[in-house]
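For the numbers below, each heavy atom of this structure counts, side chains included, while hydrogens, waters and symmetry mates do not.
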Amino acid sequence: MFRMIIDYKKLAVLLLPTFLRQPVIMSLLRVMMIPLQAMHDKHQRNRDVRLYEITHTSQICHIKAALNDEFEISDYAAGFEIEDVNTVGEWVVVYDEVPEFDTEDYVVIADDNSPVVYDESLIMTPTVAFDVIVPASVDWNDYNLARIKAVVNKYRLASRTFNIQQ
């Protein structure tokens, strides 16, 4: 990554006309350049952080890389693992709609022609999209769990949920 390094103290002296390059004036210019140099360094650090963040997306490999970077794990294979969870749920249907070929995969909520009010907890079963598996090299404590959640929440899609396992 390209990083621009500017010596503002030297630049101020070089931009000064030669007849004004006296020790007192050059010292004053160098002192006046200290806040500008500090702001430039802060901007460069912020730029590096933002470039790192935009290069990581919600893809699994990028989330793994971000977690490995956060916990300073250099071996990608021995680091964090992310596994997709296959969601297998149950169909919620009215008794009249149950197909004849396989009835044990369905939850029957009515067996007569009375009006049915669907229970939202039956229809919208909570599902987990992926599991984050923590390697043995990372201590299992509240602080590290909060760090893992923060990194995953930063890069995951908003509609995806996750569990953290050891």
Side-chain angles (χ1 to χ4, degrees), residues 1-90 92 118-166:
M1 187 179 330
F2 176 71
R3 187 170 187 164
M4 185 179 293
I5 299 173
I6 300 174
D7 186 4
Y8 282 98
K9 295 176 185 176
K10 186 176 180 180
L11 179 65
V13 171
L14 289 175
L15 292 176
L16 192 65
T18 55
F19 66 91
L20 291 177
R21 291 184 187 170
Q22 298 166 356
V24 173
I25 293 176
M26 289 191 320
S27 298
L28 284 172
L29 277 177
R30 287 186 181 126
V31 168
M32 290 174 18
M33 289 296 122
I34 291 173
L36 187 61
Q37 181 75 46
M39 285 176 39
H40 181 263
D41 292 342
K42 183 178 178 181
H43 170 71
Q44 287 294 328
R45 285 190 303 272
N46 190 25
R47 179 181 179 271
D48 292 342
V49 168
R50 297 294 171 241
L51 284 174
Y52 176 83
E53 288 176 351
I54 63 173
T55 57
H56 287 72
T57 63
S58 62
Q59 292 180 349
I60 289 175
C61 59
H62 291 276
I63 295 175
K64 282 178 63 171
L67 285 168
N68 288 337
D69 289 346
E70 175 73 22
F71 287 92
E72 298 176 358
I73 298 173
S74 59
D75 187 10
Y76 188 78
F80 284 84
E81 291 294 323
I82 296 180
E83 293 181 355
D84 281 334
V85 176
N86 294 330
T87 56
V88 178
E90 297 176 318
V92 179
Y118 290 99
D119 183 10
E120 188 175 337
S121 65
L122 290 175
I123 297 171
M124 303 294 289
T125 56
T127 58
V128 175
F130 62 94
D131 289 332
V132 177
I133 300 172
V134 181
S137 61
V138 176
D139 292 334
W140 187 262
N141 56 33
D142 291 338
Y143 176 69
N144 285 340
L145 288 177
R147 287 172 59 194
I148 293 168
K149 285 180 185 178
V151 170
V152 174
N153 281 329
K154 186 175 197 173
Y155 294 111
R156 73 177 173 89
L157 292 175
S159 61
R160 308 268 293 181
T161 57
F162 65 96
N163 278 339
I164 300 175
Q165 298 178 357
Q166 191 173 19

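Side-chain N or O atoms of R147 include none that pairs as donor or acceptor with a backbone N or O of L67 at under 3.5 Å. Judged by distance alone, with hydrogens and angles left aside, the side-chain atoms of R21 form no donor-acceptor pair with the main-chain N or O of M26 at under 3.5 Å. For Q37 (side chain) and Y8 (main-chain N/O), a donor-acceptor pair under 3.5 Å exists by modelled atom type.
Residues I73 and V138 have side chains in contact (heavy-atom distance under 4.5 Å, counting atoms from C-beta outward). In this structure the side chain of Y155 never reaches within 4.5 angstrom of the side chain of H62, judged on heavy atoms. Inter-residue side-chain proximity for R50 and E53 is flagged as met; some heavy-atom pair is nearer than 4.5 Å. Looking at K154 and H56, their side chains never come closer than 4.5 Å, going by heavy atoms from C-beta outward.
The CZ atom of F130 lies 9.0 Å from the CD1 atom of I164; values are rounded to the nearest 0.5 Å. The structure places CG of L36 at 9.5 Å from CG of D41, a figure rounded to the nearest 0.5 Å. To the nearest 0.5 angstrom, L145 atom CG is 10.5 Å from D139 atom CG. Atoms CG and CD, on D131 and E81 in that order, are 11.5 Å from each other to the nearest 0.5 Å. Remark: I133 CD1 to K64 NZ distance equals 9.5 Å, nearest 0.5 Å. H40 contributes atom NE2, which lies 11.0 Å from atom CG of D7 (distance to the nearest 0.5 angstrom).
Pairing each heavy atom of G79 with each of N68, the nearest pair is CA-OD1, 3.5 Å. N144 approaches N141 most closely through the heavy-atom pair N-OD1, 2.8 Å. For Y52 against T55, the heavy-atom pair with the smallest separation is O-OG1, 2.8 Å. Closest heavy-atom contact between A78 and P135: O-CB, 3.5 Å.
Between F80 and F71, the two ring planes are tilted [angle within 30° to 60°].
Atom CG of D142 has 12 or fewer neighbouring heavy atoms from other residues, nucleotides or ligands inside a 6.0 Å radius. Within a 6.0 Å radius of CD in E72, no more than 12 heavy atoms belonging to other residues, nucleotides or ligands are found.
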